[in-house]
Amino acid sequence: MIFVTFPDGATRQLESGASGLEIAKSISPSLARRSVAMSIDGRLCDLGDRITTDSRVEFLSREDPRALGLIRHDAAHVLAEAVQTLFPGTQVTIGPVIENGFYYDFYRREPFTPQDFPAIENKMAEIVARDKPFTKEVWMREKAKAWFKSQGEDFKVELIDAIPQNEEIKIYRQGEWLDLCRGPHMTSTGKIGGAFKLIKVAGAYWRGDSTKPMLQRIYATAFAKPEELAAYLKQLEEAERRDHRRLGREMDLFHFQEEGPGTVFWHPKGWTLFQTLISYMRRRQSELGYIEVNTPQVLDRSLWETSGHWQTFRENMFISKTEDERVFAIKPMNCPGHVQIFKNGLKSYRDLPMKIAEFGIVHRYEPSGAIHGLMRVRAFTQDDAHIFCTQDQILEESLKVNDLILSIYKDFGFDDIVIKFSTRPPKRVGADDAWDKAEEALSRVLKTLAGRGAKTAINLGEGAFYGPKLEYTLRDAIGREWQCGTTQVDFNLPGRFGAFYIGPDSEKTTPVMIHRAVFGSLERFAGILIEHYAGHLPLWLSPVQIVVATITLEADDYAQEVIAQARKRGLLAEGDLRNEKITYKVREHSLAKVPVLLVLGKKEAASRSVSIRRLGSQAQTHMGLQEVLNMLEEEATPPDVARARAGKAPVQTPGLALSFIHSIRSND
RNA sequence: GCCGCAAUAGCUCAGCUGGUAGAGCACGUCAUUCGUAAUGAUGGGGCCGGGGGUUCGAAUCCCUCUUGCGGCACCA
């Protein structure tokens, strides 16, 4: 006999081996009818599974959020059956559930196209309507292999071989059709319902390996209710409207063209935004004792060989051979340049930590398929810095970098951050004991941050070739994740370049280098901001803050005065004195996402006031000119400047004594 | 880089199975000075992404290159 506990606390004593369905029936027929699966001790299972030990059991209806994954997974099986019915000879591979839906990878010579979707969807609906039960069978390994082989399903055979010997080979049937699957599934295909849709078709390598065959992946989604599907499709449209490539054109920020694949032509407004980001970062960094430098764009190959970049990334570098046969590389990273600056002139331990920063433009010959708007480009600007320090300073400096990163993201409206720790990759430079030290330092940082409530994760083997790293991933307004900031502890490059400082013992000592970036790529960060705010940038970031629009030419003189006064206060103001109707001007500047529209007519000119209309609102407020300018000037103040004025310090690591900073401060 | 799709006016797009291009918006000009998301009239604008081929004839069919889009792989 076994004891089963239900969510409401009730318990029941049962024969060992009773199936979930039997138990549900014994409780009530309606429960049995409603249930599509169950959870045993928190683990999702088939309703038909037998319970053999004392456990907590919960029955799930198809409306349960936990059943959504089952609906999608079941739909994946139905998709596979539909495709194999309509396109005989197609091989099935895998079909997992992913965020927002599922996919199934097929192998077939002829391409699938979206034109095939309606037929596939109809066939799926047919299979759902047949409402055949999903039944599980456990097969002998050899039987399963032989069966799939006889069906010409070579990929499935490979999958079976990959299943560990101690695991069962499970087969799920849905009527005539069956598939190798670890389950669980709902009770029948009918439970999937009608809220499913095929989304797109794309290529994908078998087992994610670019040396293996290319499969055809059909992406789809399914929901419990049609309204949820509709809401999801609407969200996709919303994302499209926010696409920074589209907004970049509409807002006249930048463009791309054929002759410069993956490289940005920044227009005046886009460049203003870019410069706003740089000015902000300069203030934040210099406050913390960073010194800014500039290093050469083109450097001899030997430097890249010393750093190890040549050996690792040669294929992805822009190389140039000069007439005298010298080989140069356009810099893909700033670190070798910064090491040269550190090396130039003798350094003492008293100079450490030395924080060398550069808004360095780096070029990387990214694979053609990787290029994507501002998010992945071949030439970008990093807010790069290298902190040369002693081993004892690693923890404290890394935490200070962390505080800077989090505080900056907050200023831009991002507070959902995940910090990922990437450990040593298979292809790397340097001795293992150095890696041990570097990883230990960063894992201590990670632990400290986790202790403070940060979301953390570990990516085994994904560190840089010279050191482990922390990667800061932020989530934008529509839930997408972007990797931006990074902290990398490097025990290798300073030594490879022969950098040293004189320690307290008068000995030459190799410094540790912490590579760090906050925005990462300024291009990408600008793109993220545009999408995060859907183009409605906060006033301090907006490249045009105010447009002064006149209703009649009788207000022209006053308008000129308003523009001049706004500019005098450092506001980015433009005038629209064209002979157009005010409705036309309002529409145009609203589409251009101008945050503040000051409308001036006879009344305002006479009373020295303005009518103010904010982007995204139809409301109009009348205010006195000085009053409005005071308000806008305050609103347009960057958050760090506003904090400084209010005498507030940015976020600091609590409980960490800050050591005295010996580093050279820049004089400006 | 790989798979698939695409490229026509500044933008969004039409152009059926081959007969040398069309709309709306934008832009120019004129009129209108009109109080919060499109005033009217009128005009100009295209080597149909590049190259090659098939054909009497190619935006349209074929090949190839380039670029873009969606994924995959990659991302110091």
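Every chain is numbered from 1 and lettered A, B, ... according to where its sequence line falls, protein lines coming before strand lines. Just the heavy atoms: all of them, side chains too, but no hydrogens, waters or symmetry mates, feed the values below.
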Query - Sugar-phosphate, base or nothing in reach of A:Leu215, heavy atoms under 4.0 Å - result: nothing

Report task. Under 4.0 Å between any heavy atoms, over every strand shown, what does A:Gly467 touch: base, sugar-phosphate, or nothing? Just pick one. Result -> nothing

Report task. Can you tell me, in whole Å, how much space there is between the P of B:rG57 and that of B:rC69? Result -> 37 Å

Query raised in the report: So, is the end of the A:Arg217 side chain (NZ or CZ) under 6.0 Å from the ring centre of A:Phe106 and within 45° of the ring's axis?
Result: no

Report task. Classify the nucleic acid contact of A:Gly208 as base, sugar-phosphate or nothing, counting any heavy atom under 4.0 Å across all strands shown. Result -> sugar-phosphate

Requested in this report: Quick one: pull up SG in A:Cys335 and CD in A:Gln340 and give me the separation to the nearest 0.5 Å.
Outcome: 11.0 Å

**Report entry** First encountered from the 5' end of RNA chain B, between A:Val599 and A:Arg364
**Finding:** A:Val599

Query raised in the report: Contact class for A:Ala204 (heavy atom, under 4.0 Å): base, sugar-phosphate, or nothing?
Result: sugar-phosphate

**Report entry** Nearest-Å distance for atom pair CD/P, residues A:Glu580 and B:rU29
**Finding:** 12 Å

Query raised in the report: NA contact type, A:His622, heavy-atom cut-off 4.0 Å: base, sugar-phosphate, or nothing?
Result: base

Requested in this report: Scan side-chain atoms only and decide if A:Gln216 and A:Glu110 contain a donor-acceptor pair under the 3.5 Å cut-off.
Outcome: no

Query raised in the report: Counting any heavy atom closer than 4.0 Å, what does A:Tyr103 reach on the DNA or RNA strands: base, sugar-phosphate only, or nothing?
Result: nothing

Query raised in the report: If you check the A:Pro332 side chain, which of B:rA37, B:rC72, B:rA76 turns out closest?
Result: B:rA76

Query raised in the report: From B:rA73, B:rA37, B:rG35, pick the nucleotide closest to the side chain of A:Ile582?
Result: B:rG35

Requested in this report: Taking the six-membered ring for Trp and the full ring for Phe, Tyr or His, determine whether the centres of A:His363 and A:Phe380 are under 6.0 Å apart.
Outcome: no

**Report entry** Span that lies between the C1' atom of B:rG28 and that of B:rG44, in whole angstrom
**Finding:** 7 Å

Query raised in the report: Strictly under 6.0 Å, is that where the ring centroids of A:Phe87 and A:Phe112 end up?
Result: yes

Query raised in the report: Once you round it to whole Å, what is the distance between C1' of B:rA76 and CD of A:Glu358?
Result: 16 Å

Requested in this report: Measure from the side-chain heavy atoms of A:Pro367 and tell me the nearest of B:rC74, B:rA76, B:rA37.
Outcome: B:rC74

Query raised in the report: B:rG70 P sits how many Å from A:Tyr205 OH, rounded?
Result: 17 Å

Report summary line: Whole-Å distance, A:Ile218 CD1 to B:rC5 P, equals 14 Å

Query raised in the report: Counting side-chain heavy atoms from CB outward, which of B:rA76, B:rG71, B:rU67 is closest to A:Phe313?
Result: B:rA76

**Report entry** Side-chain-base donor-acceptor pair under 3.5 Å for A:Arg613 and B:rA37
**Finding:** yes

Query raised in the report: Which part of the nucleic acid, if any, lies within contact of A:Ser210, taking any heavy atom under 4.0 Å across all strands shown: a base, the sugar-phosphate backbone alone, or nothing?
Result: sugar-phosphate

Query raised in the report: Counting any heavy atom closer than 4.0 Å, what does A:Ser368 reach on the DNA or RNA strands: base, sugar-phosphate only, or nothing?
Result: base

Query raised in the report: Starting at NE2 of A:His536 and ending at C1' of B:rA37, how long is that distance when rounded to a whole Å?
Result: 13 Å

Query raised in the report: Just checking A:Lys585: base, sugar-phosphate only, or nothing, at a heavy-atom cut-off of under 4.0 Å?
Result: nothing

Query raised in the report: Less than 3.5 Å between a donor and an acceptor, one on the side chain of A:Gln216 and one on the base of B:rG71, is that the case here?
Result: no

Report task. Have a look at A:Ala464 and say if it touches a base, only the backbone sugar-phosphate, or nothing, with a 4.0 Å heavy-atom cut-off. Result -> sugar-phosphate

Query raised in the report: Base, sugar-phosphate, or nothing: which does A:Arg245 touch, judged by heavy atoms less than 4.0 Å apart?
Result: sugar-phosphate

Query raised in the report: How far, in whole Å, is B:rU12 from B:rG51 if one measures between their P atoms?
Result: 23 Å

Query raised in the report: Would A:Phe388 and A:His338 count as a close aromatic pair, with their ring centres under 6.0 Å?
Result: no

Query raised in the report: Which nucleotide sits closest to the side chain of A:Met214: B:rG71, B:rG35, B:rA37?
Result: B:rG71

Query raised in the report: Rounded to the nearest Å, what distance is computed from the NZ atom of residue A:Lys200 to the C1' atom of nucleotide B:rC3?
Result: 14 Å

Query - Closest listed nucleotide, where the reference is the side chain of A:Ser611 and the choices are B:rG71, B:rA76, B:rG35 - result: B:rG35

Query - A:Thr90 OG1 to A:Leu215 CG distance, which is reported to the nearest 0.5 Å - result: 11.5 Å

Query raised in the report: Hey, do the aromatic rings of A:Phe265 and A:His255 have their centres closer than 6.0 Å?
Result: yes

Requested in this report: Check every strand shown and say whether A:Phe256 touches a base, only sugar-phosphate, or nothing at a heavy-atom separation below 4.0 Å.
Outcome: nothing

Query raised in the report: Is there a donor and acceptor pair closer than 3.5 Å between the side chain of A:Tyr365 and the base of B:rG1?
Result: no

Query raised in the report: Taking the same atom, P, in B:rA6 and in B:rG15, what whole-Å distance lies between them?
Result: 13 Å

**Report entry** Inter-nucleotide C1' distance (B:rA26, B:rG45), Å rounded
**Finding:** 11 Å

Query raised in the report: When you check the gap from the basic side-chain N to the acidic O, do A:Arg241 and A:Glu531 get nearer than 4.0 Å?
Result: no

Requested in this report: Determine if A:Tyr584 stacks with B:rA38; use a centre-to-centre distance below 5.5 Å and an interplanar angle below 30° as the criteria.
Outcome: no

Report task. Please report, rounded to the nearest Å, how far the C1' atom of B:rC2 is from the OH atom of A:Tyr107. Result -> 14 Å

Query raised in the report: For A:Ile551, which contact category applies under a 4.0 Å heavy-atom criterion: base, sugar-phosphate, or nothing?
Result: base

Report summary line: Whole-Å distance, A:Arg378 CZ to B:rC74 C1', equals 12 Å

Query raised in the report: Is A:Arg376 side chain donor-acceptor paired with the B:rC74 base, going by distance under 3.5 Å alone?
Result: yes

Requested in this report: Given side chain to side chain contact (heavy atoms under 4.5 Å, CB included), test A:Phe155 with A:Tyr107 step by step and report yes or no.
Outcome: CA-CA 9 Å; A:Phe155 294 94; A:Tyr107 183 75; 3.5 Å; yes

Query raised in the report: How do A:Ile371 and A:Arg109 order along RNA chain B: which one's closest nucleotide is nearer the 5' end?
Result: A:Arg109

Requested in this report: Among B:rU33, B:rG68, B:rA38, find the nucleotide with the atom closest to the side chain of A:Pro261.
Outcome: B:rG68

Requested in this report: May I ask you to say what A:Asn316 touches in the nucleic acid, namely base, sugar-phosphate or nothing, with a heavy-atom cut-off under 4.0 Å?
Outcome: base

Query raised in the report: Among B:rC72, B:rA76, B:rA37, which is the nearest nucleotide to the side chain of A:His309?
Result: B:rA76

**Report entry** Atom P, compared across B:rU29 and B:rG71: separation rounded to whole Å
**Finding:** 43 Å

Report summary line: In RNA chain B, stems of three or more consecutive pairs, Watson-Crick or G-U, each with both distances under 3.5 Å, turn out to be B:1-7 with B:66-72, B:10-13 with B:22-25, B:27-31 with B:39-43, B:49-53 with B:61-65

Query - Ring centers of A:His73, A:Phe102 separated by less than 6.0 Å - result: no

